[in-house]
Structures are given as C-alpha cells and as structure tokens.
> 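Attaching a single structure in structure tokens format; questions to follow.
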Amino acid sequence: MNFQDSDIQDSGIKMQRQSRRLLVTGGAGFIGANFVHHWCHKYPEDRVVVLDALTYAGNRHTLLELEAQENFRFVQGDICDRTLVDNLLREESIDAIAHFAAESHVDRSILGPDAFIQTNLVGTFTLLEAFRQYYEQGGLKEGESQEGEIQGVFLHVSTDEVYGSLNPDDSAFTETTPYAPNSPYSASKAGSDHLVRAYYHTYSLPTIITNCSNNYGPYQFPEKLIPLMCINILMGKSLPVYGDGQNIRDWLYVLDHCRALDLVIHRGKPGMTYNIGGNNEVKNLDLVHLLCQLMDELAPDLPVSPAKELITFVKDRPGHDRRYAINSTKIQTELVWEPSVTVEEGLRQTVKWYLTHRDWWEPMLSQEYQAYYRQVYAVK
Ligand code: NAD
Ligand code: DAU
C-alpha cells in the first residue's frame, strides 16, 4: 500500500492518505475537466482514468496537457456501455468513481429529452450495476482506513434543480428538502439520485450524492448563461435574457466546487447527501449587467459599447424555475469547506479566462451549435 502525506484540505487539516485509482466520467466536460485538473495537480501519485463519450459538450483538448502524464488515461466511450465499464473497473483496479457524465443543459432537455433519459438514468444505472458487481466480487476493500478515509466511493455529482423552485421568501434548499424537479433535465437527475441512494440502502454500495448550484468558470460550454453572454458581447450579438430577468441563481465558482468534491471523496460518509452552494444569489439581469461592465472594462474595442446596449428580453424558458438557493451548512460544518470567492471576483477571473482562451471556445461554435442556437432562440 502506498501512503503519502498530503494536505487534503485548505482548512489546514493534514492526514495521511492512501493513493487512489479514480474513474472520472464526463471528465472532458466543464466541471469534470476542472476536477481532473485539480486532482492531477494535487495528487500526482494517483491514477486518473477519464471515461467520456465526447458529445457536443466534451472537449478532449481541455485535457491535452494531462495526456502526456503516465498516471493519466483518456478513454472515449459511453457510460451506458456495460462491457466497457466492467473492463475499465477491473483493468484499472478502480477504487473511486467520480460521476460527472450527463446531459446537462435544461434548454436542450426541453427540445429533446431522449438523450437525458439515456445518459442520466440508464448511464447512471449502468455504472451502479457495474460498480456493485465489481465491489461484491472483491474488486475493492470495504470499510475505512485508520485515518477515517473511505476505501471505495461512488460519488454522484448532481444538482440543486432536483429540489424544484423557491419563492423569494423561502429558505434555501437543505439536504432534506423534498424533491420536486420541473424540467426533463432535473427529472432525469432526480431519478438518478434516487437510484444512487437505493444502491446504498439495498446493496450497501458506498455511494455519496452532492447537489450543487450553478457553476461557472473556465471550460464551460457556451450554451450556458455566463460564457454565452461573454462570447455574444465579443461578437456584438444580442444578449438574450429570458422572461423578466428576475430569476435567481446561486453562483458557485467551479474551483470552489472541485475543492468541495475533493473533501467529499476523502471524508464524506457513504449514504450521505451534501449540498454545495456559492452563497451568491443573483438575479439574472443583475448578473448580465455585471458581465457587461466587466467586458466594457477588460475587453478593448468591443463591437458595441457599452455592452449593456445588447441586452434583449426574449420569450421565457418553458417551466423556468424562479429561484434556486443552497444551504451548505452541512458540508461547511462536517467537512470544513466554504466558497472562497464572491461572484464579483469569480466573474472577473472567468471573463479574463474567456478573453484569453479564444482558441478554446471558438472551435466550439460549430454548425451544431449554430443550429441549436437558431432553434432555442428562434432566430434566422
Ligand atoms: P457538461 O455538459 O459540460 O459535460 C458533460 C460531459 O459528459 C461531457 O464531456 C460529455 O461528453 C460527457 N457525456 C455525456 N454523455 C455521456 C455518456 N453517455 N457517456 C460518457 N460521457 C458522456 O456538464 P457539466 O456542466 O460539467 O456538469 C457535470 C455534472 O454536474 C452533470 O452531472 C451535471 O448534471 C452536474 N451539475 C452541473 C452544474 C452546472 O452548473 N454546470 C450544476 C449542478 C450539477
Ligand atoms: O442549478 C444547477 C444547474 O445550473 C445545473 O444542474 C445545470 O446543469 C446547469 O446548466 C445550470 O442550469 P440553469 O438552467 O440554471 O443554467 P443556464 O446557464 O442555462 O441558465 C441560468 C439562468 O439564466 C436561468 O435562469 C436561465 C437564464 N438564461 C439562460 C440562457 C442560456 C437566460 O436568461 N438567457 C440565456 O440565454
């Protein structure tokens, strides 16, 4: 067994950790890739295997610098492919799965829910079944190490959208808020959460669920609000704000999210759910104004200036949830985590990243993207 001293938390608590062999699904997507970079940088002794189908949302280039490393492997494949998953678990002696792979965009789930059911439900089920069989056949050791670090873990990365929509005066979602998903996306994620929970209760599989709020930061596909607005401002295109722009989201900087997931993998309790939020509730319209100001300040020679002149109110998203807000007290107290940046600081970093990484996002504005854009915004 290979033990190493490593500072696993930013809170300063030191522990001896056992090196790990991680399977990361969806590691070429936005959060998955940030997580893989975080993990490989912090724990170079660990084996990291990424399984990703490279759908429209996946980008292998994001992982290019890691591919040269001996401890890293990229596998292009579908989480619904049981044989592939079985082989990877055994071949790589995996002891932790960090499951990010999903269809993740609400607007796409409204246009075509099929892929959401397939990947989010059938895919999660396939991974759970494969991991269960592997676990029961002694593929990994049960229990905890001396330091309290869990030996095997299936981390299911989920969303606050499973809890439904809040009114302005409602308290933020906690881990015991009843599920009330409203979109095909959130319903498929809710279903997958229930499966993960059931595998803990029925088969004692060491599963953990995290439900987080809206992430933002580097490597986010430009269909999501923040990168879409940044790129449209650079191109002088209109900034489509849904409905009255008063919907509220709780913004979480993706690197803060990755730090939280790191703690959950090392210290989380099997069978538990942890909510992860940014403590940053903002109305969409205010967020777009903030982005416009930052772009005016940081991007020289914008085609339209001030950028706020591009703001356009468009038809609302069907079933648009009004407000999400996360109460993160449990992870803050039990695992000693807190978000490190305000939305103003995180947005400034993010805008700078999009300004300096045109080579990353420009190729993503593909014909598929243009077709999707025309369909969702009904523009010619
Ligand atoms: P993303 O859409 O950017 O990336 C998803 C990745 O999964 C892509 O690389 C894609 O190629 C891969 N993938 C899709 N279907 C696959 C399949 N069948 N087999 C293998 N790989 C497949 O998503 P994201 O924003 O990084 O989200 C990651 C996870 O976090 C998702 O489970 C999502 O539900 C959850 N989540 C996201 C947010 C957010 O704000 N982005 C917030 C809460 C929860
Ligand atoms: O809350 C967590 C969820 O956050 C994740 O589970 C999802 O995977 C992720 O996509 C995100 O969902 P949202 O629907 O909240 O994110 P999106 O970026 O699509 O939209 C954010 C808000 O901005 C939402 O209220 C809709 C609005 N919006 C979005 C777009 C793309 C607009 O007003 N105009 C737009 O063009």
Side-chain angles (χ1 to χ4, degrees), residues 24-35 50-60 62-63 75-81 84-85 98-110 115-116 118-120 122-124 126-127 156-163 165 173 181-183 185-186 188-189 192-193 210-217 219-229 232 238-252 254 257 261 276-278 282-285 287-288 311-317 320-326 373 376-377:
V24 182
T25 72
F30 163 49
I31 307 176
N34 277 287
F35 174 82
V50 167
L51 172 60
D52 195 298
L54 295 180
T55 67
Y56 79 91
N59 187 344
R60 193 167 173 173
T62 311
L63 303 171
V75 178
Q76 182 172 359
D78 194 324
I79 56 167
C80 300
D81 181 343
L84 173 64
V85 176
H99 176 34
F100 295 89
E103 288 294 335
S104 70
H105 194 46
V106 175
D107 292 320
R108 287 187 192 252
S109 83
I110 295 167
F116 289 73
Q118 190 60 22
T119 289
N120 301 0
V122 178
T124 303
T126 306
L127 287 173
H156 177 62
V157 179
S158 191
T159 170
D160 58 2
E161 299 201 12
V162 298
Y163 300 122
S165 183
F173 302 129
N182 290 318
S183 71
Y185 161 69
S186 53
S188 68
K189 291 297 288 187
S192 65
D193 291 11
T210 55
N211 295 91
C212 69
S213 58
N214 285 63
N215 282 226
Y216 68 101
Y219 304 119
Q220 188 168 32
F221 189 79
E223 66 194 347
K224 305 290 197 295
L225 181 71
I226 290 173
L228 183 138
M229 294 294 168
N232 280 14
S238 69
L239 307 179
V241 174
Y242 296 164
D244 60 5
Q246 299 302 300
N247 302 62
I248 293 173
R249 297 292 182 265
D250 174 3
W251 294 95
L252 171 64
V254 66
H257 184 200
L261 297 178
I276 308 169
V282 188
K283 289 181 179 150
N284 289 343
L285 188 57
L287 188 96
V288 174
I311 293 174
T312 313
F313 291 93
V314 300
K315 198 162 157 262
D316 209 354
R317 172 188 278 175
H320 195 177
D321 284 337
R322 197 64 173 165
R323 174 179 165 233
Y324 304 139
I326 282 268
Y373 200 95
V376 80
Y377 298 101

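Whatever order the structure lists them in is the order used to number ligands and atoms, beginning at 1.
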> Under a 3.5 Å threshold, I'd like every N/O contact between ligand 2 and protein atoms, with atom names and distance.
{"unit_1": "ligand 2", "atom_1": "1 (O)", "unit_2": "D160", "atom_2": "OD1", "d": "2.5"}
{"unit_1": "ligand 2", "atom_1": "1 (O)", "unit_2": "N214", "atom_2": "OD1", "d": "2.8"}
{"unit_1": "ligand 2", "atom_1": "4 (O)", "unit_2": "N214", "atom_2": "OD1", "d": "3.4"}
{"unit_1": "ligand 2", "atom_1": "4 (O)", "unit_2": "N214", "atom_2": "ND2", "d": "3.1"}
{"unit_1": "ligand 2", "atom_1": "6 (O)", "unit_2": "T159", "atom_2": "OG1", "d": "2.7"}
{"unit_1": "ligand 2", "atom_1": "6 (O)", "unit_2": "Y185", "atom_2": "OH", "d": "2.6"}
{"unit_1": "ligand 2", "atom_1": "8 (O)", "unit_2": "S104", "atom_2": "O", "d": "2.7"}
{"unit_1": "ligand 2", "atom_1": "8 (O)", "unit_2": "Y185", "atom_2": "OH", "d": "3.0"}
{"unit_1": "ligand 2", "atom_1": "10 (O)", "unit_2": "S104", "atom_2": "O", "d": "3.2"}
{"unit_1": "ligand 2", "atom_1": "12 (O)", "unit_2": "E161", "atom_2": "OE2", "d": "2.9"}
{"unit_1": "ligand 2", "atom_1": "14 (O)", "unit_2": "R317", "atom_2": "NH1", "d": "2.6"}
{"unit_1": "ligand 2", "atom_1": "14 (O)", "unit_2": "R317", "atom_2": "NH2", "d": "3.4"}
{"unit_1": "ligand 2", "atom_1": "15 (O)", "unit_2": "N214", "atom_2": "ND2", "d": "2.9"}
{"unit_1": "ligand 2", "atom_1": "15 (O)", "unit_2": "R249", "atom_2": "NE", "d": "2.9"}
{"unit_1": "ligand 2", "atom_1": "16 (O)", "unit_2": "N214", "atom_2": "ND2", "d": "3.4"}
{"unit_1": "ligand 2", "atom_1": "18 (O)", "unit_2": "L225", "atom_2": "N", "d": "2.8"}
{"unit_1": "ligand 2", "atom_1": "19 (O)", "unit_2": "R317", "atom_2": "NH2", "d": "2.9"}
{"unit_1": "ligand 2", "atom_1": "23 (O)", "unit_2": "N284", "atom_2": "ND2", "d": "3.4"}
{"unit_1": "ligand 2", "atom_1": "25 (O)", "unit_2": "R249", "atom_2": "NH2", "d": "3.2"}
{"unit_1": "ligand 2", "atom_1": "25 (O)", "unit_2": "N284", "atom_2": "ND2", "d": "2.9"}
{"unit_1": "ligand 2", "atom_1": "25 (O)", "unit_2": "H320", "atom_2": "NE2", "d": "2.7"}
{"unit_1": "ligand 2", "atom_1": "33 (O)", "unit_2": "Y242", "atom_2": "N", "d": "2.9"}
{"unit_1": "ligand 2", "atom_1": "34 (N)", "unit_2": "P240", "atom_2": "O", "d": "2.8"}
{"unit_1": "ligand 2", "atom_1": "36 (O)", "unit_2": "P240", "atom_2": "O", "d": "3.3"}
{"unit_1": "ligand 2", "atom_1": "36 (O)", "unit_2": "Y377", "atom_2": "OH", "d": "2.6"}

> Residues two or more places apart in sequence or in another chain: which of them pass salt bridge (Lys or Arg N to Asp or Glu O under 4.0 Å) with R108?
E223, E368

> Okay, side chain of S186, backbone of P181: is any donor-acceptor separation there less than 3.5 Å?
no

> For G27 and D52, which heavy atoms make the closest approach, and how far apart are they?
N-OD2, 3.4 Å

> Looking at A101, is its backbone amide N or carbonyl O close enough to the side chain of T25 to form a donor-acceptor pair, meaning the two atoms are under 3.5 Å apart?
yes

> How are the rings of F173 and Y324 set to each other: parallel, tilted or perpendicular (split at 30° and 60°)?
tilted

> Measure and list all N/O to N/O distances between ligand 1 and the protein that fall under 3.5 angstrom.
{"unit_1": "ligand 1", "atom_1": "2 (O)", "unit_2": "S104", "atom_2": "OG", "d": "2.7"}
{"unit_1": "ligand 1", "atom_1": "3 (O)", "unit_2": "F30", "atom_2": "N", "d": "3.0"}
{"unit_1": "ligand 1", "atom_1": "9 (O)", "unit_2": "G29", "atom_2": "N", "d": "2.9"}
{"unit_1": "ligand 1", "atom_1": "9 (O)", "unit_2": "D52", "atom_2": "OD1", "d": "3.2"}
{"unit_1": "ligand 1", "atom_1": "9 (O)", "unit_2": "D52", "atom_2": "OD2", "d": "2.6"}
{"unit_1": "ligand 1", "atom_1": "11 (O)", "unit_2": "D52", "atom_2": "OD1", "d": "2.6"}
{"unit_1": "ligand 1", "atom_1": "11 (O)", "unit_2": "L54", "atom_2": "N", "d": "3.4"}
{"unit_1": "ligand 1", "atom_1": "11 (O)", "unit_2": "T55", "atom_2": "N", "d": "3.0"}
{"unit_1": "ligand 1", "atom_1": "11 (O)", "unit_2": "T55", "atom_2": "OG1", "d": "3.1"}
{"unit_1": "ligand 1", "atom_1": "18 (N)", "unit_2": "D78", "atom_2": "OD1", "d": "2.9"}
{"unit_1": "ligand 1", "atom_1": "18 (N)", "unit_2": "T119", "atom_2": "OG1", "d": "3.0"}
{"unit_1": "ligand 1", "atom_1": "19 (N)", "unit_2": "I79", "atom_2": "N", "d": "3.0"}
{"unit_1": "ligand 1", "atom_1": "21 (N)", "unit_2": "A53", "atom_2": "N", "d": "3.0"}
{"unit_1": "ligand 1", "atom_1": "23 (O)", "unit_2": "S104", "atom_2": "OG", "d": "3.3"}
{"unit_1": "ligand 1", "atom_1": "26 (O)", "unit_2": "F30", "atom_2": "N", "d": "3.3"}
{"unit_1": "ligand 1", "atom_1": "26 (O)", "unit_2": "I31", "atom_2": "N", "d": "2.7"}
{"unit_1": "ligand 1", "atom_1": "32 (O)", "unit_2": "F100", "atom_2": "O", "d": "3.1"}
{"unit_1": "ligand 1", "atom_1": "32 (O)", "unit_2": "V157", "atom_2": "O", "d": "3.4"}
{"unit_1": "ligand 1", "atom_1": "32 (O)", "unit_2": "K189", "atom_2": "NZ", "d": "2.6"}
{"unit_1": "ligand 1", "atom_1": "34 (O)", "unit_2": "Y185", "atom_2": "OH", "d": "2.7"}
{"unit_1": "ligand 1", "atom_1": "34 (O)", "unit_2": "K189", "atom_2": "NZ", "d": "3.1"}
{"unit_1": "ligand 1", "atom_1": "40 (O)", "unit_2": "N215", "atom_2": "N", "d": "2.9"}

> Is a side-chain N or O of D250 found less than 3.5 angstrom from the main chain of I326, in a donor-acceptor match?
yes

> Using the six-membered ring wherever Trp is involved, compare the ring planes of H320 and Y242 and label them parallel, tilted or perpendicular (cut-offs 30° and 60°).
perpendicular

> Measure the acute angle between the ring planes of F35 and F100, then classify it against the limits of 30° and 60° as parallel, tilted or perpendicular.
tilted

> Going by the rule salt bridge (Lys or Arg N to Asp or Glu O under 4.0 Å), which residues pair with D107 if we only count those two or more places apart in sequence or in a different chain?
R317

